[in-house]
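Scroll down for the structure; my scribbles are underneath it.
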There are 2 protein chains.
Amino acid sequence: MILAMKTPNATHTASPQRQREIIMAALACFTEKGFPATSIADICKKAGASTGSVYHHFKSKGRLAAAIYLEGIRDYQTGMIDALSGQASPREGIFALVHYHLMWVKKNPEWARFLFQKRHAEYMDDTEDDMKQLNAAFIRTVAGWFQTHIQAGKIRPLPRDLLIALLLGPCQEYSRQYVSGHAATDVEEAAGVMAAAAWAALGMDV
Amino acid sequence: MILAMKTPNATHTASPQRQREIIMAALACFTEKGFPATSIADICKKAGASTGSVYHHFKSKGRLAAAIYLEGIRDYQTGMIDALSGQASPREGIFALVHYHLMWVKKNPEWARFLFQKRHAEYMDDTEDDMKQLNAAFIRTVAGWFQTHIQAGKIRPLPRDLLIALLLGPCQEYSRQYVSGHAATDVEEAAGVMAAAAWAALGMDV
DNA sequence: ACTTGACTATAATTAAATTCTAAAATATGA
DNA sequence: TCATATTTTAGAATTTAATTATAGTCAAGT
């Protein structure tokens with residue numbers, strides 16, 4: 001009865017919520033103004049938090065950005081792996097990857113903008129290890145899937161770097177255009193064309 | 001016939017060698033440590049110049065990086081356009097683009113690292129207009145070339161964004177791996193595979 | 001030799017990230 | 001319920017690095 005009435009936990013939020021607020025505010029600022037142009041003060045203002053709070057939850061501005069990047073890329077990559085493992089034939093697998101990539105971009109435009117518009121990679125210094133491990137694991141999984149189908153004679157025996165380049169390169173370039181507002185073609189049509197092209201480049205059957 | 005005594009076009013002609021030294025020093029620092037981690041002091045030390053000198057030649061750290069980016073991308077893009085216009089048939093044109101892209105990366109590894117490793121785009125705020133104009137002109141030229149061959153029935157009638165994605169996406173993804181040290185395949189072989197794939201995706205003949 | 005203006009060097013200034021200190025909230029346990 | 005420990009928050013103080021201001025050098029033209 002002393003001071004409990006003062007804070008009915010709507011004004012003062014508990015920690016995990018506050019962390020979430022900071023992340024979402026930072027994501028919004030970063031996609032809107034870019035990483036270097038947003039100050040900690042900007043993020044604080046949008047999140048309704050103080051600098052101390054921000055620095056309690058994240059070691060630095062760079063690590064905050066990296067946390068956002070990692071959360072996004074983790075969701076994207078696990079989805080990609082799921083999409084892949086759900087398919088039996090190599091053709092279906094390739095189609096699933098291309099389609100999932102583009103659907104993810106369409107469904108998560110703000111995250112995609114952050115991940116694919118080349119607006120990261122400056123603060124990666126802080127997190128290179130996390131990042132590299134995550135990406136390496138993803139590439140390894142996809143490459144492993146390719147390997148089994150290569151051995152079965154269903155996929156062309158190309159080295160891993162070319163497989164990745166031919167499969168994901170077009171997706172990423174289209175995504176970059178899409179999140180920058182330079183893509184005229186809608187996502188579904190793009191997915192169809194690029195999946196067909198990927199299969200033509202990588203597949204071995206009719 | 002006696003006109004202006006002063007230098008006609010330039011407002012103030014910067015000492016070219018010192019400017020060059022600053023650019024090369026900055027390029028080395030940026031590719032080595034990344035843009036945000038290199039301080040003006042780092043660049044000064046490597047160039048043997050003073051901060052005043054740097055700021056005399058470039059308005060800001062961002063503009064210095066942008067100048068480097070623009071110089072590199074200009075060289076790359078003019079070379080691409082030349083490679084394209086030197087070829088008559090659409091097939092040769094596509095092969096020439098892919099090969100030139102990869103040869104440029106191989107010949108200019110430091111510039112390529114700066115341009116293709118996603119380590120730019122943070123300082124672009126300063127220069128977006130220059131950058132956008134340059135890229136738009138490049139894309140327009142390439143797309144125009146495609147258009148004539150599409151009308152001749154030699155290239156598939158795909159929208160510009162997909163043409164670019166299918167042609168340059170794989171090149172850029174391979175380049176990214178190459179400059180990061182993650183490409184196992186050598187450039188020549190990659191060029192052959194990716195040119196063939198691009199032609200398979202875009203061409204209409206046998 | 002002197003003036004001019006581009007160029008350079010060093011010393012302020014400023015802006016923004018990070019750290020520090022302590023208060024407030026929340027959880028824990030008798 | 002209360003006391004205490006831990007987590008979270010706030011805002012001021014500090015630090016770091018970019019930028020600007022000031023002053024000086026050098027080369028060419030008069």
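All chains are named by letter (A, B, ...) in the order of the sequence lines, taking the proteins before the strands, and each is independently numbered beginning at 1.
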Output the rounded distance in Å from CD1 (B:Ile43) to P (C:dT8). 15 Å
Aromatic ring pairing A:Trp104/A:Tyr76, orientation class (parallel under 30°, perpendicular over 60°, tilted between): perpendicular
Below 4.0 Å: OP1/OP2 of D:dT9 and any side-chain N or O of A:His56: no
Ranking B:Gly48 and A:Ala41 by the position along DNA chain C of their nearest nucleotide, the one closer to 5' is B:Gly48
In whole angstroms, how far is the C1' atom of C:dA16 from the NZ atom of A:Lys45? 16 Å
Does the side chain of A:Arg63 get closer than 4.0 angstrom to OP1 or OP2 of C:dA17 through an N or O atom? no
Any luck finding a side-chain donor-acceptor pair between B:Glu21 and B:Gln17 under 3.5 Å? no
Roughly how many Å is it from CD1 in A:Ile40 to P in C:dA17, rounded to a whole number? 5 Å
What integer distance in Å separates B:Gln17:CD from D:dA27:P? 11 Å
So, for A:Cys44 and A:Thr51, which heavy atoms are closest and what is the spacing to 0.1 Å? SG-N, 3.5 Å
Aromatic contact, B:Phe116 with B:His101 (centres under 6.0 Å): yes
Considering only side-chain heavy atoms of A:Ser53, which listed nucleotide, C:dA9, D:dA10, C:dA17, is closest? D:dA10
C:dC7 C1' sits how many Å from B:Gln19 CD, rounded? 12 Å
Between D:dT7 atom P and A:Phe58 atom CZ, what is the distance in whole Å? 17 Å
Within this structure, what is the NZ-to-C1' distance between A:Lys59 and C:dA17, rounded to whole angstrom? 16 Å
Below 4.0 Å: OP1/OP2 of C:dT8 and any side-chain N or O of B:His57: yes
Looking at the side chain of B:Ser39, which of D:dT9, C:dT18, D:dA18 is the nearest nucleotide? D:dA18
Which of C:dT8, D:dA10, D:dT19 is nearest the side chain of B:Lys61? It is D:dT19
Quick check for you: among C:dT10, C:dT18, D:dT8, whose closest atom lies nearest to any side-chain atom of A:Tyr55? C:dT18
Would one find a side-chain N or O of B:Ser50 under 4.0 angstrom from OP1 or OP2 of C:dT8? no
What's the closest nucleotide to the side chain of B:Thr51 if the choices are C:dT8, D:dA12, C:dT10? C:dT10
Check the pair A:Arg20 / A:Glu71 against salt bridge (Lys or Arg N to Asp or Glu O under 4.0 Å), numbers first and verdict last. CA-CA 12 Å; A:Arg20 197 86 223 130; A:Glu71 180 175 328; 2.6 Å; yes
